[in-house]
Number of protein chains: 2
Amino acid sequence: MNTEKQNLTNSTETHAVSDATLRAFIGYRMKRAFNVVRDDLTATLRAFDLRMLTYTALVLIVDNPGLRQSQLADAMDIERPNLVIIIDELERRDLIIRDRVPTDRRAYALKATLAGRQLYERAVAAVTSHEEKLLANLDQGTIKIVFDAFSVIEQAKRRT
Amino acid sequence: MNTEKQNLTNSTETHAVSDATLRAFIGYRMKRAFNVVRDDLTATLRAFDLRMLTYTALVLIVDNPGLRQSQLADAMDIERPNLVIIIDELERRDLIIRDRVPTDRRAYALKATLAGRQLYERAVAAVTSHEEKLLANLDQGTIKIVFDAFSVIEQAKRRT
DNA sequence: TATTGTTATACTCTATAACTATA
DNA sequence: TATAGTTATAGAGTATAACAATA
């Protein structure tokens, strides 16, 4: 530790970095908060060998049996090509299957296996528990306001 | 458009995908809202040939003349190696300089040039204006609550 | 012609190990 | 020895173009 008094006009000063300008921006504030949430989620999912995207895809497939890859990509707000390897991984681990859609032979109907549904139950429970701890210092009213604000921002999506 | 009535138990159904399970999680909600904020920010900064990270670094250097790369990496919550190419880019564009610290020849004191400060002014003004539009449907009280919640979450950073 | 899933590709962000030069 | 900056590298996430099969 440097216990020496520093000359504050000197370039070698060690006092805290000011982020006052950036703290006025929601982009900066949200990014920093999201880093914490993401790190917690990543660590929680590691126990199930899942990542944010494989977890999200698994949950949506369990909750929406039979949906197509293009629907899933839309729901996850990612491009179709990026979904392919996610689905590949879940299928390789026998958590889901690609079923042919009889009425449209171009498409796949995605369905979870029993193993997939079981992993879903355990992972959702773990994430629920971890998020409760993460938000322990926020009351329900505040969380509601924050979630509603997120919805408003989502709807402000660029229409340029 | 498919105007045909679909059999809702059929795997080819086209009705909306349910994300009810995921919408209970702040990770999911925040990610979706952040995607919107990030896309808007990215589009705004493109006019100045800046990205989120080069913008953040430039602002922190202008506001904290003389800080070191390790301090900046800490402030930006990224690893030191990842900062190098960011600083390289800003320096190559003559927006900042790496000044040697006379008292510690291992370190650099980062300082913005006149061009850097001018770009800072224009970029900060543009981002401010864009964020105002993005948050137009949220009142100041709500924004305050959301920002405070972000601070609480930031402080909940994992101490495992 | 348009759509579904796919391949190939590229850029960005993030993380770790190991090096160099200094302290 | 420890630290500041660097290089090399790898894993994720994201985006676009173009293709084959099918509608």
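Model, not experiment: these values are computed from the prediction. The chains referred to below are lettered A, B, ... by the order of the sequence lines, with proteins before strands, and numbering in each begins at 1.
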B:Arg51 side-chain proximity, nearest of C:dT22, C:dT12, D:dT14: C:dT12
I want to check one thing: is the phosphate of C:dT4, taken as OP1 and OP2, less than 4.0 Å away from some side-chain N or O of A:Gln71? no
Closer than 3.5 angstrom, by distance alone: can the side chain of A:Arg80 be matched with the main-chain N or O of A:Ser70 as a donor-acceptor pair? no
Answer with yes or no whether the side chains of A:Ser151 and A:Asp148 bring together a donor and an acceptor at under 3.5 Å. no
For the residue pair A:Thr21 and B:Asp63, confirm or rule out a side-chain donor-acceptor distance under 3.5 Å. yes
Look at all strands and tell whether A:Glu79 reaches a base, only sugar-phosphate, or nothing, counting heavy atoms closer than 4.0 Å. base
Select from B:Val84 and A:Met52 the residue whose nearest nucleotide in DNA chain D is closer to the 5' end of that strand. B:Val84
Can you see if the side chain of B:Arg38 gets near the phosphate of D:dG13 - specifically, an N or O under 4.0 Å from OP1 or OP2? no
The nucleotide from C:dT14, D:dG5, D:dT22 with an atom nearest the side chain of A:Asn35 is C:dT14
Verify whether one side chain among A:Arg100 and A:Tyr108 offers a donor that lies under 3.5 Å from an acceptor in the other. yes
Which of D:dA23, D:dA8, C:dA23 is nearest the side chain of B:Pro81? It is D:dA8
Look at the side chain of B:Arg105 and the base of C:dT22, then say whether one donor and one acceptor between them are separated by less than 3.5 Å. no
Given D:dG5, D:dA8, D:dA23, which nucleotide is nearest the side-chain atoms of B:Ala107? D:dG5
Assign each of B:Asp77 and A:Asp88 to its nearest nucleotide of DNA chain C by heavy atoms, then name whichever residue's nucleotide is nearer the 5' end. A:Asp88
What is the distance from CD of A:Gln69 to C1' of C:dT7, rounded to the nearest Å? 13 Å
With a 4.0 Å cut-off on heavy atoms, is A:Arg80 in touch with a base, just the backbone sugar-phosphate, or nothing at all? base
Applying a 4.0 Å non-hydrogen cut-off, can you work out what A:Leu83 is touching in the nucleic acid: base, sugar-phosphate, or nothing? nothing
Please tabulate, for side-chain N and O atoms in residues 50-62 of chain A, each donor-acceptor pair with protein atoms closer than 3.5 Å (sequence neighbours left out).
residue : atom : partner : partner atom : Å
A:Arg51 : NH2  : A:Glu89 : OE1          : 2.7
A:Thr54 : OG1  : A:Arg51 : N            : 2.7
A:Thr54 : OG1  : A:Arg51 : O            : 3.1
A:Thr56 : OG1  : A:Met52 : O            : 2.7

Has B:Ser70 got a side-chain N or O lying under 4.0 Å from the OP1 or OP2 atom of D:dG5? yes
